[in-house]
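Side chains included, hydrogens not; waters and symmetry mates left out as well; all remaining heavy atoms used.
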Amino acid sequence: MSRKILIRDLTLRDGQQSAFATRMTQGQIDRVLPFYKDANFYAMEVWGGAVPDSVMRFLNENPWDRLEKIKAVVGDVSKLTALSRGRNLFGYAPYPDNIIDGFCKTSIESGLGIMRIFDALNDVNNVKSTIKYVKKYGGIADCAVCYTIDPHFSFAEKTKAFFKGKPVPGTVFTDDYFVGKAKQMADLGADMITIKDMSGLIPPKRVSTLISKIKAVVNVPIDFHTHCTPGVGLASVVSAINSGVDIIDTVIWNFAGGPAAPAIELIYLFCNKMGVELDVNMEAVAKINLKLLEIREELASVDAVKKIPIAFNPVTDEVPSEVSKQIDIAIKAVKSDDEATLIAACQAIEKYFGFPAPNQLVKDAEIPGGMYTNMVAQLKQLKAEDILESAMKLIPKVRLDAGLPPLVTPTSQIVGAQAVSCAMDIRNGKPMYSNTSTQFVALVKGEYGATPVKVDPEFRLKIAGVREETNYDVSKYKMQPNPELPECNNVLLAENNKEVLLLELFPLVAKDYLTKYKKTLNVAPKVAVVAEEVKAVVKESVIPTLKIVSPLPGRILSCEVKVGDMISVGQTVVILEAMKMENSIMSDFAGKVHRIVVNEGDIVMENNILIEVLA
């Protein structure tokens, strides 16, 4: 009997998130679900990650509906999977156990079978609660170890740091580091362990080594997850198969490759020659793939890759002789531990079929592809594309200053946004860290958990105002406001448990979504028209004032002061959402608040006036 490997299909979550900014509508997903029911995947990743946020923010859809509608069609054929950020769940803040409990319970009741749980710092303490509650309600706890590498510093940078008395740490992310994390998670009750290579940086030899070492200390299935962006994804999956991995993550052909995971069709070709059974209905996969081509054409405006592979069906089409030859070369190479030949053969196969070429920029930067594209988009918004190179070069320093976190959501976004801010500081003649996001401050302070290396206490004092590591105090957690909506017959903004959870996990986005949704359901009573409309015309004073301006474009989350307040230098006056981060805008001077120019929800650009102050 041939060996069997299980397949987790990522197409409807990580696949579309990697290539199409998570813009698949429910209608588009509904078109492929009948074929998914026949495909017989072990698991389907359909939820979590950016899906809940994006379907509300961009598609005006309910995240719970998406999960439940997929479950209604697929049933128990495939286990539905979501990606969760440990104690942060789907958000950017740590949550208390009662929120995690309710979230896990409701998710599993709505159809979730597997929760893939990771922590952006690989702090095992942050996954304990989710493991407990997922298992309590009958789900499978899939715990992910986030693969990362040590940042590269030049000899000059290392020398400079040494003479400053702050030497660059030695190798942190060793085999023992990753194996130790896997063992701790298994001891906590993990039902499976995933090696999560979110950046596509893990080379084939390292995959083989880690799988063997992890299998030696844990007795649960091992899943391997990677991306193709830097060009080694397919080769590393082939190495994982050869090394005895139990489950691999793949994407269907027309959504695969590039920033996404390798195509299942290519894995199928390799497995046929390696004597490995997939137990997937490839004819059903081909039907899904035809629909995905139509959907990809519909998503052309958000297609980050814009390179569609040539049509190929491994069930009905003859495998080209050149491809068959390269597969043979790759299999021989993986068995003889010839990494360079294995990678070259796999890249030749992907090139033949028209998949995206390796992204050299991402490869050299050694960061997730999504982090890179986020930074590019942020800089375009800031009209500061010219500082991209500077921001990229600052990533290793910002990362080290913050305790060397792995670069995965949310730390990739926090570090990337801070590198952009620091590059702007330098461009504007200011010291680095003149502007810091609330999330960066929390990371440095210790509120996200224990970082792989200790943060310098003096740096923590500079950024967070304290020298000692300070954990997040969940006892001080306050639920989001849940007001009545006068314009909707005074219904509550969140009327049930699912809506309350959305509001807790995505306060701003869910507030907008739920308000719009309630307006479609409730028609407020008509108000009598007043005979004469009173208009107050406020003439602006010519009194000279000091202006507090926005350092970058964003959206006003809140004003922390009111007209007439006396403020001091360094006092937070406005909270601004920019680059998905919360930024505390502080006053550069003391005085009395004369006028507040902005309101909650306003969009502002760089250097827009926020508040006027009388000195």
Side-chain angles (χ1 to χ4, degrees), residues 1-11 14-15 35-46 74-81 113-114 116 139-144 182 186 190-197 204 207-226 233-253 256 261-289 313-316 319 324 327-328 330-332 334-335 342 346 349:
M1 179 181 290
S2 63
R3 175 176 154 234
K4 182 182 291 188
I5 282 183
L6 301 176
I7 299 291
R8 182 187 325 232
D9 175 74
L10 309 178
T11 306
D14 195 47
F35 307 115
Y36 265 104
K37 186 176 182 180
D38 298 329
N40 199 43
F41 287 112
Y42 164 69
M44 294 167 54
E45 187 181 73
V46 299
V74 176
D76 296 328
V77 172
S78 300
K79 294 176 174 60
L80 302 187
T81 303
I114 302 173
R116 174 172 282 171
I140 294 172
D142 169 18
C143 293
D191 297 304
M192 65 176 70
I193 297 292
T194 291
I195 300 172
K196 179 177 169 59
D197 175 28
V207 174
S208 179
T209 299
L210 286 181
I211 289 173
S212 298
K213 289 185 175 182
I214 292 173
K215 276 186 167 288
V217 298
V218 304
N219 192 30
V220 295
I222 307 299
D223 186 305
F224 178 55
H225 171 99
T226 191
L234 178 59
S236 291
V237 169
V238 172
S239 179
I241 295 169
N242 186 65
S243 302
V245 77
D246 302 287
I247 308 164
I248 51 175
D249 291 5
T250 65
V251 173
I252 295 175
W253 192 265
I264 184 176
E265 291 85 351
L266 295 181
I267 305 306
Y268 173 77
L269 295 181
F270 271 99
C271 286
N272 281 348
K273 289 201 173 191
M274 296 172 76
V276 176
E277 184 183 352
L278 292 187
D279 198 22
V280 173
N281 181 349
M282 295 302 294
E283 292 179 353
V285 170
K287 292 176 182 177
I288 297 171
N289 192 46
N313 182 342
V315 177
T316 59
V319 180
S324 183
I327 292 174
D328 290 338
I331 292 172
K332 182 179 178 181
V334 75
K335 292 185 182 301
L342 169 62
C346 288
I349 293 167

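Here the closest heavy-atom approach between residue A186 and residue V218 is recorded as CB-CG1, 3.7 Å. Considering all non-hydrogen atoms of both residues, V207 and S239 come closest at CB-OG, 4.4 Å. Taking each heavy atom of A330 and L342 in turn, the nearest pair found is O-CD1, 3.5 Å. For V74 against K37, the heavy-atom pair with the smallest separation is O-CG, 4.2 Å. A pairwise comparison of heavy atoms in A235 and C346 identifies CA-SG, 3.6 Å as the closest pair. Taking each heavy atom of L269 and P314 in turn, the nearest pair found is CD2-CB, 3.9 Å.
Counting heavy atoms from C-beta on, the side chains of L234 and F270 come closer than 4.5 Å. Side-chain atoms of D246 and M192, non-hydrogen and from C-beta on, never get closer than 4.5 Å to each other. The side-chain heavy atoms of I248 and D223, taken from C-beta on, include no pair separated by under 4.5 Å. Side-chain contact between R8 and I114 is present, with at least one heavy-atom pair separated by less than 4.5 Å. With a 4.5 Å cut-off on side-chain heavy atoms, I195 and F224 count as touching. The shortest distance between side-chain heavy atoms of D142 and K196 does not fall below 4.5 Å.
Without hydrogens or angle criteria, T11 side chain to I252 main chain gives a donor-acceptor distance under 3.5 Å. In this structure, the side chain of D279 does not engage the main chain of N40 through any donor-acceptor pair within 3.5 Å. The backbone N or O of F41 lies less than 3.5 Å from a partner atom in the side chain of S78, making a donor-acceptor pair. Looking only at distances, a side-chain donor or acceptor of N281 sits under 3.5 Å from a matching main-chain atom of D38. A donor-acceptor pair is defined here as one N or O able to donate and one able to accept, closer than 3.5 Å; such a pair exists between the side chain of D191 and the backbone of A141. Within the 3.5 Å criterion, the main-chain N or O of S208 finds a donor-acceptor partner in the side chain of S212.
Separating the CE atom in M282 from the CD atom in E265 is a distance of 5.0 Å, to the nearest 0.5 Å. Here the CD1-OG1 distance, from I214 to T209, works out to 10.5 Å after rounding to the nearest 0.5 Å. Here CD1 of I267 is found 7.0 Å from CD1 of I7. Values are rounded to the nearest 0.5 Å. To the nearest 0.5 Å, the span separating CD1 on I247 from OG1 on T194 amounts to 7.0 Å. Distance CG/D9 to OG1/T250: 5.5 Å, rounded to 0.5 Å. Here N313 contributes atom CG and K287 contributes atom NZ; the two are 11.0 Å apart, rounded to the nearest 0.5 Å.
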Before you tell me yes or no, could you show the steps for F35 and V285 under side chain to side chain contact (heavy atoms under 4.5 Å, CB included), namely the whole-Å CA-CA distance, both residues' side-chain angles and the distance that decides it to 0.1 Å? CA-CA 7 Å; F35 307 115; V285 170; over 6 Å; no
Can you list the steps and then say if R116 with D14 is a salt bridge (Lys or Arg N to Asp or Glu O under 4.0 Å)? CA-CA 12 Å; R116 174 172 282 171; D14 195 47; over 6 Å; no
List the steps and the verdict of side chain to side chain contact (heavy atoms under 4.5 Å, CB included) for D249 and E45. CA-CA 9 Å; D249 291 5; E45 187 181 73; 5.7 Å; no
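More than 12 heavy atoms of other residues, nucleotides or ligands shown are found within 6.0 angstrom of NZ on K215. Heavy atoms from other residues, nucleotides or ligands lying under 6.0 Å from NZ of K273 number more than 12.
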